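FYI, the numbering just counts along the sequence from 1. Order of appearance sets the numbers: ligands from 1, and atoms from 1 within every ligand. What you see below is based on every heavy atom in this structure, not just the backbone, and it leaves out hydrogens, waters and symmetry mates. None of the values given here were measured: they were computed from a predicted structure.
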Amino acid sequence: MKRDFLALADFATAELIEILDLGAQLKRELKSGQRTTLLAGKTLAMIFEKPSLRTRVTFQVGMTQLGGYAVYLTPADIRLGERESVADIARNLDRLVDFIMARTMRHESQLELARYASAPVINGLSDLLHPCQVLSDCFTVRERRGALDNQKVAFLGDGNNMANSWISAAARFGFHFALACPKGYEPNAAILAAARADGAQVTVTHDPAEALAEADIAYTDVWASMGQEDEAEERKEIFAPFQLNTAAMKKAKKDALVMHCLPAHRGEEVTDEIIEGPASIVFDQAENRLHVQKAVLVWLNNQMTRG
Ligand code: CP
Ligand code: NVA
């Protein structure tokens, strides 16, 4: 059966754990020089409406390592919904490739691609969610801490695609997620309500100290996401009290780790001192995108052959 990877909320906890375990196995195998060809001859189309370093490279390298091939489509190549409708793009690619990964402006484009393609669609970031990033961040936390459910993750910043995906992850993995955001920058209300109905322990506050209290992980993301560049100056003032800096880190546990999905704007959401400091694990996070997304691809491929 075809499954898409659009939102963590679409998956049961056991399924996400299967993907994390598979990611750990693929990482071990790669590090020990073993190569698998689990996706030999398979092809992934990568649609990008926004720029990318990590998502593009990890998916492309991941497909190559698994014996497959990735086709990169730039924003200018297909102009989603402009040169051609999303539905037509989905139905064309569907005849040609085995998987579609898309980074889109609108989350609705993800849903439409998934509706019209019989190939699995993977959300490589939308305005609403960034499930690949947050699942690999959960992998990184589990790798460091051995478990997820005993962790408190504090997120300072915008109630954006990253925060929304963290909220859904909290519902599946049982950790405490505490978001400190400015008034007016709260996360998606429907995602928050659904996660809480599923038993998620989520705090939303406007006080960074409250979110950071007893935190095991301190997480942040850019203040102006891709597509919000014209709000960047205004946001710099609004978000200034939410900077992850040395004073803020004193509120968290002594051994708290610092995480950021990258790219980072040093001197804005995080200081140079903190992101370059010993608690920072941002490049582990970036690397783990590779292992976890390979696991997502293999897992989705396995689902296709199941009834
Ligand atoms: N974190 C992340 O998704 O990075 P890119 O925007 O470079 O893909
Ligand atoms: N919130 C950021 C995440 C980048 C990986 C953005 O959407 O630009």
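- Residue, atom and distance of the protein heavy atom nearest to atom 5 (C) of ligand 2 are L262 O, 3.7 Å.
- Between Y72 and F59, the gap from one ring centroid to the other reaches at least 6.0 Å.
- The protein heavy atom nearest to atom 4 (O) of ligand 1 is R54 NE, 2.8 Å.
- By the 4.0 Å heavy-atom criterion, H130 is counted among the residues contacting ligand 1.
- For atom 4 (C) of ligand 2, the closest non-hydrogen atom of the protein is L125 CD1, 3.9 Å.
- No more than 12 heavy atoms of other residues, nucleotides or ligands lie within 6.0 Å of OH in Y69, so this atom counts as exposed by the packing criterion.
- Distance from atom 7 (O) of ligand 2 to its nearest protein heavy atom, with residue and atom name: N161 ND2, 2.8 Å.
- Atoms of ligand 2 found under 4.0 Å from any heavy atom of N160 (numbered from 1 in listed order, with element): 1 (N).
- Any N or O atom pair closer than 3.5 Å counts here, and K50 shares no such pair with ligand 2.
- When the shell of 6.0 Å around CD of E229 is examined, it contains more than 12 heavy atoms from other residues, nucleotides or ligands.
- Atoms of ligand 1 lying under 4.0 Å from at least one heavy atom of C261, given by number and element, are 1 (N).
- In this model, no donor atom of one side chain and acceptor atom of the other lie less than 3.5 Å apart for E214 and H176.
- In summary, the side chains of D94 and S118 do present a donor paired with an acceptor at a separation below 3.5 Å, with no hydrogens or angles considered.
- When only non-hydrogen protein atoms are considered, atom 8 (O) of ligand 2 lies nearest to M226 N, 2.8 Å.
- At a 4.0 Å heavy-atom cut-off, ligand 1 touches R289 through the side chain alone.
- At a threshold of 4.0 Å, the pair E49-R106 does not count as salt-bridged, since none of the basic side-chain nitrogens sits closer than that to a carboxylate oxygen.
- Where the criterion is an N or O separation shorter than 3.5 Å, residue side chain and backbone included, H130 fails it with respect to ligand 2.
- For ligand 1, the atoms sitting less than 4.0 Å from at least one non-hydrogen atom of Q133 are 1 (N), 2 (C), 3 (O), numbered in the order shown with element in parentheses.
- For atom 6 (O) of ligand 1, the closest non-hydrogen atom of the protein is R103 NH1, 2.8 Å.
- More than 12 heavy atoms of other residues, nucleotides or ligands shown are found within 6.0 angstrom of NZ on K152.
- T271 and E273 form no side-chain donor-acceptor contact under 3.5 Å, judged by distance and modelled atom types alone.
- With a heavy-atom cut-off of 4.0 Å, L125 does not touch ligand 1 at all.
- Geometrically, ligand 2 and R103 share no nitrogen or oxygen pair separated by less than 3.5 Å.
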Verdict with reasoning, F173 to W166, per ring-ring contact (aromatic ring centres under 6.0 Å, His included): CA-CA 10 Å; F173 293 124; W166 271 111; 9.2 Å; no
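- In the candidate list D158, D221, L53, D221 is nearest to atom 3 (C) of ligand 2, counting heavy atoms.
- Side-chain atoms of S165 do not come within 3.5 Å of backbone N or O of M162 as any donor-acceptor pair.
- The single protein non-hydrogen atom nearest to atom 7 (O) of ligand 1 is L53 N, 2.6 Å, given as residue, atom name and distance.
- A donor-acceptor pair under 3.5 Å is absent between the side-chain atoms of T36 and the main chain of L66, judged by distance alone.
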